There are 2 protein chains.
Amino acid sequence: MRTVDLIHRKRDGEELSGEEITYLVEGYTRGEIPDYQMAAFLMAVFFAGMSERELGALTECMVSSGETLDLSEIPGVKVDKHSTGGVGDKTSLIAAPLAAAAGAVVPMISGRALGHTGGTLDKLEAIPGFRTGISTAEFRAILAQHQLCFAGQTDELAPADGKLYALRDVTATVESIPLIASSIMSKKLAAGLDALVLDVKVGSGAFMKRQVDARRLAQAMVAIGRRINKRVQALITDMNQPLGFAVGNALEVMEVSQTLQGAGPADLTRLSLELAARMIHLGKVSDSIEEARDRAQRRLLDGSGYRKFKEVIVAQGGNPLVLDRFDLLPNATGAREVASPRAGFISAIDAGDIGRASAIIGAGRETKEEAIDPAVGVILEVKVGDKVEAGAVLCRLYYTKEDHLEEAAQQVEDAFKISTHPPEERELILEVVG
Amino acid sequence: MRTVDLIHRKRDGEELSGEEITYLVEGYTRGEIPDYQMAAFLMAVFFAGMSERELGALTECMVSSGETLDLSEIPGVKVDKHSTGGVGDKTSLIAAPLAAAAGAVVPMISGRALGHTGGTLDKLEAIPGFRTGISTAEFRAILAQHQLCFAGQTDELAPADGKLYALRDVTATVESIPLIASSIMSKKLAAGLDALVLDVKVGSGAFMKRQVDARRLAQAMVAIGRRINKRVQALITDMNQPLGFAVGNALEVMEVSQTLQGAGPADLTRLSLELAARMIHLGKVSDSIEEARDRAQRRLLDGSGYRKFKEVIVAQGGNPLVLDRFDLLPNATGAREVASPRAGFISAIDAGDIGRASAIIGAGRETKEEAIDPAVGVILEVKVGDKVEAGAVLCRLYYTKEDHLEEAAQQVEDAFKISTHPPEERELILEVVG
């Protein structure tokens with residue numbers, strides 16, 4: 001088998017066998033296939049795509065390139081939830097406690113903020129004392145006791161994916177649906193899951209701008225799950241405005257607390273409940289999705305999701321009082337209002353702009369090495385469809401340093417579109433795949 | 001400027017500026033841009049193509065990456081001829097002497113055989129004593145005196161092309177029309193040419209299997225010439241059967257001699273004359289192509305092309321007597337006949353098969369390092385359209401070793417298609433571009 005022949009065949013649209021995919025991925029991981037050949041292969045995949053069989057083989061190879069977490073000793077169906085990344089997307093911190101409170105077992109492996117999108121780990125670390133870098137033994141123990149534990153990915157899980165991702169990042173091959181799908185799925189599957197609920201975001205604030213691409217990504221991930229006997233479902237959801245009102249780590253923890261207490265924004269509550277219901281259903285706690293929705297709703301109303309989150313915060317070293325006393329969270333030192341230049345209806349709030357503004361003042365990072373300011377961010381005062389007067393406050397930027405504040409304010413102003421007529425209503429949950 | 005952004009834009013079908021192409025090629029040649037980024041860029045070019053402006057910039061960059069031969073002190077328009085590679089294609093050794101005898105100045109920079117196609121340098125080196133590895137000073141001196149000199153490419157000419165080609169070879173990005181076009185043109189233009197006649201082969205024995213691809217390649221090369229004020233014309237010619245009867249280095253020299261004496265095969269004579277006429281015309285020796293054709297024809301009939309070739313053989317250290325006494329050329333020690341299995345008409349002779357058979361017994365090489373046996377090859381006894389009886393000799397394999405002889409004979413047998421009806425006549429010169 002010659003690597004150049006495999007690149008050639010992929011380039012010409014042929015399907016490679018599982019054995020050939022394995023040869024490429026294992027050879028690359030071991031350093032026997034050089035970066036330049038893998039770079040050419042990745043670009044060929046960008047253009048020529050991959051069949052479901054190739055995708056399955058690629059994902060399995062990446063999973064088996066490193067350690068896999070064995071959670072089989074913990075009873076129950078292990079179900080996780082993953083979002084492709086949005087702005088103001090704190091659903092993991094709501095759906096996971098609700099699902100766990102309803103009886104699902106949720107080993108949640110999360111990522112960090114990058115670019116204009118937030119990361120679950122950064123949000124959790126806004127809670128004083130909360131430890132995300134825990135050992136495997138501790139992860140298992142907390143999961144067994146509380147049915148929920150939050151942790152970060154480690155380099156030991158799917159190292160081939162890490163190596164491939166670093167190469168994709170410098171060769172303009174990140175935006176390939178099969179490569180995104182196999183990357184996400186390999187990291188998740190290496191963590192010992194039985195089932196996975198995916199939230200594929202589409203819109204201005206998401207990686208996928210078009211619904212057709214989001215659907216293809218969702219279908220690819222569901223297909224990978226099907227090939228290796230994991231239960232996978234994907235929601236395709238709107239990211240044309242931030243989810244909820246809060247964007248920024250500590251600000252989002254506050255909104256999570258409100259939502260788990262039944263006083264959250266309508267869109268955030270609705271999506272979190274649906275994700276929790278899908279987790280409960282795939283986690284085999286309920287026989288039907290209707291029953292699962294009912295359970296999720298009840299766990300929200302009776303406060304057991306809220307209590308579950310507190311329980312896990314304590315287990316992971318965090319201060320649970322922050323959920324009631326927001327002054328115990330990192331707080332911004334200043335707030336800058338952004339006012340509406342005229343009266344009208346909010347027809348769009350570009351989530352990408354809001355996310356970038358928030359990142360500019362410190363809530364996000366451009367490279368993995370940068371530090372994050374947990375206190376800062378944006379709180380929207382309006383959502384799409386709202387009527388505003390001229391001069392009304394559209395949102396507030398919460399900051400700790402005035403550097404880049406005006407630039408961020410400008411970016412936020414650009415995000416709001418104000419029209420004379422009310423916009424058409426948009427669905428939040430656009431499709432279910434799988 | 002970030003390399004990854006340039007790859008990204010090319011990938012998405014955008015046109016890069018000349019400055020951006022320069023950044024990539026110079027950065028790569030200097031070792032500042034790594035192989036893996038260039039590999040991804042090349043694969044993106046494979047799929048997304050290049051505009052004429054990009055092509056021009058790429059070629060100019062490769063030309064200026066090394067030395068360029070300055071032939072301006074030699075009077076006259078310097079015109080070369082280049083073939084994209086065929087089987088039995090010895091037109092360079094006929095057209096160049098004819099054009100030089102007619103008054104054109106022909107600095108001929110040639111390549112070697114690779115795969116199933118022959119190389120002009122290998123053919124010349126079948127002549128005992130002939131030196132192709134001559135210094136620049138000697139090249140200039142012979143050219144000034146005889147209006148013709150043959151030499152090989154050196155690593156000093158267009159080194160960026162050499163580096164890029166080596167990368168393309170291992171990343172399955174050889175078969176890209178803009179990359180082929182810029183590679184050919186950069187090597188030719190670095191050799192100080194004013195004009196160039198291209199012979200783009202199409203068919204079973206050629207790199208380009210489809211006329212549409214051959215046309216695109218021809219158009220790309222002509223466009224490069226136009227952008228940098230060089231006179232470039234391309235013929236698209238048929239390579240669905242070998243050109244002439246002889247395939248193999250010494251065998252082809254014999255056929256060259258016969259052709260220059262007016263006793264060559266019709267197809268070879270016709271194409272060589274047309275190429276010579278195009279060289280004479282682009283070399284500004286004649287005002288019209290008709291006049292140039294007339295001159296080429298006369299130089300053939302009066303024997304001055306034949307004498308010019310002898311003159312240059314002497315100048316480059318070779319034994320000119322070989323053109324009359326073929327026993328002075330390397331000779332095969334055995335011949336194996338391949339007979340027709342049945343009566344009928346020759347409807348096809350796969351030039352690729354004939355070339356590969358010839359290479360198998362030693363006339364060609366798979367890698368640049370392999371040695372060539374100048375004596376061996378194939379002589380066809382029939383051409384497409386001929387009527388044959390069952391058992392008639394289709395061709396003879398001339399060999400010096402019996403290794404692989406049966407394999408080669410089998411390959412040759414496969415090359416001949418015999419039908420009950422005469423095939424449709426095929427044009428030899430299919431198109432003129434430029």
Side-chain angles (χ1 to χ4, degrees), chain A residues 1-16 20 23-24 27-29 31-50 114-115 162-180 207-210 213 366-367, chain B residues 1-16 20 23-24 27-29 31-50 114-115 162-180 207-210 213 366-367:
Chain A
M1 216 179 289
R2 293 198 319 155
T3 305
V4 64
D5 297 333
L6 301 184
I7 305 171
H8 201 292
R9 286 177 43 215
K10 170 47 61 191
R11 187 200 81 182
D12 290 351
E14 288 181 40
E15 187 184 30
L16 302 186
E20 289 165 336
Y23 170 86
L24 285 172
Y28 182 62
T29 312
E32 290 160 13
I33 291 174
D35 283 334
Y36 55 80
Q37 287 191 312
M38 186 50 74
F41 178 76
L42 293 171
M43 189 59 87
V45 167
F46 177 89
F47 282 98
M50 274 192 152
L114 199 59
K163 193 171 175 186
L164 280 173
Y165 191 87
L167 185 62
R168 286 166 58 203
D169 199 33
V170 293
T171 55
T173 48
V174 168
E175 299 87 347
S176 156
I177 284 172
L179 297 179
I180 297 167
F207 195 66
M208 296 289 155
K209 306 296 177 201
R210 303 185 312 159
D213 293 328
E366 278 307 308
T367 64
Chain B
M1 216 177 292
R2 293 199 319 153
T3 304
V4 63
D5 297 332
L6 301 184
I7 304 170
H8 201 291
R9 285 176 43 213
K10 171 46 65 193
R11 187 199 81 182
D12 290 351
E14 287 180 42
E15 187 183 30
L16 302 186
E20 289 166 335
Y23 170 87
L24 284 172
Y28 182 62
T29 312
E32 290 160 13
I33 290 174
D35 283 334
Y36 55 82
Q37 288 192 311
M38 187 49 76
F41 179 76
L42 293 170
M43 188 59 87
V45 167
F46 177 88
F47 282 97
M50 273 191 152
L114 198 60
K163 192 170 176 187
L164 279 174
Y165 192 87
L167 185 62
R168 286 166 58 203
D169 199 34
V170 292
T171 55
T173 48
V174 169
E175 299 88 346
S176 156
I177 284 172
L179 297 179
I180 296 167
F207 195 65
M208 296 288 155
K209 306 296 176 201
R210 303 184 312 159
D213 293 327
E366 278 306 308
T367 65

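None of the values given here were measured: they were computed from a predicted structure. Residue numbering restarts at 1 for every chain, and letters A, B, ... go by the order of the sequence lines.
For B:Asp12, the part sitting under 4.5 Å from any heavy atom of chain A is the side chain, from C-beta outward, and nothing else. For chain B, no part of A:Leu6 is nearby; none of its heavy atoms comes within less than 4.5 Å. Both the backbone and the side chain of A:Ile7 come within contact range of chain B, each with at least one heavy atom under 4.5 Å from a heavy atom of that chain.
Chain A forms more heavy-atom pairs under 4.5 Å with one residue of B:His8, B:Met43, B:Arg11 than with any other, namely B:Arg11. When the candidates A:Asp5, A:Asp169, A:Leu167, A:Val4 are compared by the number of heavy-atom contacts under 4.5 Å with chain B, A:Val4 comes out ahead. Each of A:Ala48, A:Pro34, A:Ala44 has some count of heavy-atom pairs under 4.5 Å with chain B, and the biggest count is that of A:Ala44.
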